[in-house]
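Encoded as structure tokens, the structure appears first; notes follow it.
All of these numbers come straight from a predicted model, not from anything done at the bench.
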Amino acid sequence: MILNKFLARTEYDSYEDLYQNFKLSIPANFNFAYDVVDEYAKTEPKREALVWCDDNDESHIFTFKDLSRASQRTANFLVNNGIKKGDRVMLILRRRYEFWYFLLALHRVGAIAIPATNMLSSHDLEYRFNAADVKMVVTYDDPALQKEVETAQEKCTSVEKLVTVGQARSQWISFYDDYEICPPVFERPAGDAATTNDDIMIVYFTSGTSSNPKMVAHTFTYPLGHIVTAKYWQNVVDGGRHLTVAETGWAKALWGKIYGQWIAGSAVFTYDMNVFIPGKLLEKMAQYKVTTFCAPPTAYRYLLQHGLEKYDLSSLVYCTTAGEALNADIYTKFLEKTGLSLREGYGQTELTLTTGNFPWMDARPGSMGKPSPGYKMDIVNADGESCQPEEVGEIIIKIDEGRPFGMFGGYYRDVERTEKVFEGGVYHTGDTAWRDTDGYFWFVGRTDDLIKTSGYRVSPFEVEEVLHQHPAVLEVAVTGVEDASRGQAVKATIVLQKGYEASKELAKEIQLFTKKVAAAYKSPRFIDFVEELPKTISGKIRRATIRDNDKAAAESASTEAQAEKKDEA
């Protein structure tokens, strides 16, 4: 079993046993493509790796031998098109199976993969191309998406090659025109061309609130950090099929669609859905006998509303959730319907699974759980002192005895930001939480105002930057407001330029404008026109004041509604 190559011991008796005694062996010059995928291809060539289907009745089951050969062909394709160690290649492939071809191929070459969502606009892409000096962009066959890429490329000198995995298109190289003639053998590079454990393997752009997106850089040891994620939190089954609901443009895909699952022996099931339709997802889960499942609480809410009892989910043995706090009602209803208790976890793009409700623990709905092996954590106040139980403070990770497995090395090309986040010899997560007397962590929010809506992370800064491009906008503050179905919804509080008057029509115009310029999920669902924004003495906008006012207004409205019901009764 591959897992035994990295762990001297794989089974534990309790959470405390796991946390105290988990030991990970990291080989010199580890490369997931060669040391995991190719190893499986040699020892268990027929073992399932990727079970894939889409909405067009296309389906495939890829063994490790299949993916080993496919990724070696793809590596030759990349090299033939000028990609070498250290080059940056952006992958916008949604859930297409070619994502696995290219990701593994880039690992083989030693080039840096930059996964990205298909929801990005040319404005978003332009920033990313220039920030990372992207050399090649690979997309699936989507004319609208490819037009956005072309528009962004016009303002970027680094992008040399555009590759489509679909129909040939002007200015684009057709992947399948060359793929079949590429040899299925790619020798592992040696010497200076070989990868080392400290080389950058992957970069993810992640949103911040006071600047453009950060570039989170992970090295070639990152996949090993997700052994805990898959084996001990998601509880994947050796020989089973794991489904994580995530598009490959988001870091959560690497948590649940490749590394830890394969090392632990589980195949990955992927449904390349055009739109999230609860009934269709449940149908596929029943048809393909998914054994373990991970999704944000919002997805579980929609699945429950649709009705789980209509589908045969008897193959399902374990379910996890992350991305937002789990509502107790969702937990209870899912347990009643399936007999399975949802297990929450917490982490960041910069990290692997950081806390979790592990199998030996009583699952507590709404709690992030307890720290993962390797993560020495604390909750501290503004003075850096440990908080008392139930006192809210910032989550920090201690690194004085070494960094946790799979923790990022720093922000790509940003020494200043890297130094800031590691200030004081600890990693500052920027998240706030409190801890109960049993050691469970409970998430409170971001110290930097990040908005989480329907599983997406939205930076107020990015949305404000787009809104400022509209001629009617003088000043704007973007915040999150509570939303029953999305967790949070994006709200824009706007001061208008002279000559413009507040109206529903103008609000709609601004919303449509945002959707055209940026990804649709960033468009404000609510717009409030005001005379002035609350500010500090130094002139900084106080988003916290806006949030507090919105919360007070919502509570007041709820109280009034309850009073009216009483009067009617």
Side-chain angles (χ1 to χ4, degrees), residues 1-44 47-49 64 68 104 107 195-198 201-202 218-242 244 254-268 291-292 294 317-318 320 322 343 345-347 351-361 369-377 397 399 401-409:
M1 186 178 178
I2 293 289
L3 189 62
N4 294 327
K5 290 178 59 179
F6 311 111
L7 300 180
R9 178 184 173 192
T10 59
E11 301 303 322
Y12 297 89
D13 300 325
S14 65
Y15 163 74
E16 290 74 20
D17 187 17
L18 172 73
Y19 187 76
Q20 293 168 12
N21 299 313
F22 180 87
K23 286 184 173 56
L24 178 64
S25 175
I26 300 178
N29 302 330
F30 173 75
N31 186 303
F32 184 81
Y34 299 108
D35 299 323
V36 174
V37 176
D38 287 356
E39 187 66 22
Y40 270 129
K42 291 175 187 175
T43 60
E44 299 182 75
R47 178 185 275 266
E48 283 186 1
F64 279 101
S68 175
L104 293 171
H107 295 349
T195 62
T196 71
N197 285 351
D198 293 329
M201 181 188 79
I202 197 155
H218 282 288
T219 66
F220 275 83
T221 59
Y222 174 64
L224 296 174
H226 279 303
I227 289 175
V228 172
T229 307
K231 174 69 175 173
Y232 302 107
W233 176 56
Q234 293 171 342
N235 226 34
V236 299
V237 177
D238 186 12
R241 293 174 174 178
H242 175 77
T244 283
L254 300 190
W255 283 47
K257 288 187 177 292
I258 181 166
Y259 300 132
Q261 294 70 35
W262 285 358
I263 294 173
S266 175
V268 168
T291 53
T292 51
C294 185
V317 297
Y318 211 83
T320 46
R343 301 278 177 159
Y346 158 83
L351 311 168
T352 56
L353 181 77
T354 311
T355 65
N357 282 269
F358 293 96
W360 308 272
M361 298 162 48
K370 296 182 179 181
S372 295
Y375 282 91
K376 293 178 170 45
M377 303 173 64
I397 298 169
I399 56 173
E401 296 179 10
R403 298 191 181 192
F405 333 109
M407 184 179 192
F408 82 132

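Within the 4.5 Å cutoff, no side-chain heavy atoms of Y375 are placed close to those of T355. Residues Y15 and P371 meet the side-chain proximity criterion, which asks for heavy atoms closer than 4.5 Å. Considering only heavy atoms from C-beta on, P223 comes within 4.5 Å of M201 through its side chain. Contact of the I397 side chain with the T354 side chain is registered, since non-hydrogen atoms from C-beta on lie closer than 4.5 Å. In this structure, F32 and V37 have side chains that are in contact, with non-hydrogen atoms separated by less than 4.5 Å. Side-chain contact between L7 and K231 is absent, with no heavy-atom pair separated by less than 4.5 Å.
Of the possible donor and acceptor atoms, none in the side chain of Y12 sits under 3.5 Å from a partner among the backbone N and O of W360. Side chain of N29 to main chain of T196: no donor-acceptor pair is present (N/O by atom type, distance under 3.5 Å, no hydrogens or angles). No donor-acceptor pair under 3.5 Å is formed between the side chain of R343 and the backbone N or O of Q234. Of the possible polar contacts, one joining the K257 side chain to the T244 backbone as a donor-acceptor pair under 3.5 Å is found. With hydrogens and angles disregarded, a donor-acceptor distance shorter than 3.5 Å links the side chain of K5 to the backbone of D35.
A search for side-chain hydrogen bond (donor to acceptor under 3.5 Å, both in side chains) contacts involving N357 returns nothing, not counting sequence neighbours. Partners of Y232 by side-chain hydrogen bond (donor to acceptor under 3.5 Å, both in side chains), not counting sequence neighbours: none found. In this structure, the ring pair (Phe, Tyr, Trp, His ring centres under 6.0 Å) partners of W255, at least two apart in sequence or on a different chain, are H226. Residues satisfying the salt bridge (Lys or Arg N to Asp or Glu O under 4.0 Å) test with E39, not counting sequence neighbours, are none. Every residue two or more places apart in sequence or in another chain was checked for a ring pair (Phe, Tyr, Trp, His ring centres under 6.0 Å) with Y34, and none qualifies. Looking at residues two or more places apart in sequence or on another chain, you find a salt bridge (Lys or Arg N to Asp or Glu O under 4.0 Å) between R241 and E48. Under the side-chain hydrogen bond (donor to acceptor under 3.5 Å, both in side chains) criterion, T292 pairs with H242, not counting sequence neighbours. Legend: residues meeting ring pair (Phe, Tyr, Trp, His ring centres under 6.0 Å) with F6, ordered by chain and number and at least two apart, are F30. For the salt bridge (Lys or Arg N to Asp or Glu O under 4.0 Å) test, no residue two or more places apart in sequence or in another chain qualifies with K370. With sequence neighbours excluded, the residues forming a side-chain hydrogen bond (donor to acceptor under 3.5 Å, both in side chains) with T195 are N31, listed by chain and number. Every residue was checked against the salt bridge (Lys or Arg N to Asp or Glu O under 4.0 Å) condition with R403, not counting sequence neighbours, and none meets it.
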Test log, rule side-chain hydrogen bond (donor to acceptor under 3.5 Å, both in side chains), inputs Y40 and S68: CA-CA 9 Å; Y40 270 129; S68 175; over 6 Å; no
Verdict with reasoning, L254 to H218, per side chain to side chain contact (heavy atoms under 4.5 Å, CB included): CA-CA 11 Å; L254 300 190; H218 282 288; over 6 Å; no
Side chain to side chain contact (heavy atoms under 4.5 Å, CB included) between V228 and L24, intermediate numbers included: CA-CA 10 Å; V228 172; L24 178 64; over 6 Å; no
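Of all heavy-atom pairs between C294 and W233, the closest is SG-CH2, 3.9 Å. Closest non-hydrogen pair, M361 versus G356, comes out as CE-O, 3.6 Å. The shortest heavy-atom contact between A264 and V236 is CB-CG2, 3.7 Å. The two residues Y19 and S372 make their nearest non-hydrogen contact at CE1-O, 3.1 Å. Considering every non-hydrogen atom in both L353 and G345, the closest pair reads CD1-CA, 4.0 Å. When all heavy atoms of P359 and N235 are compared, the closest pair comes out as CG-OD1, 3.7 Å.
Under the salt bridge (charged side-chain N to carboxylate O under 4.0 Å, His left out) criterion, the residue pairs touching residues 13-27 are R9-D17, with sequence neighbours excluded.
F405 and F22 have their aromatic ring centers within a separation under 6.0 angstrom.
Side chain to side chain, T219 and D198 fail the donor-acceptor criterion of an N or O pair below 3.5 Å.
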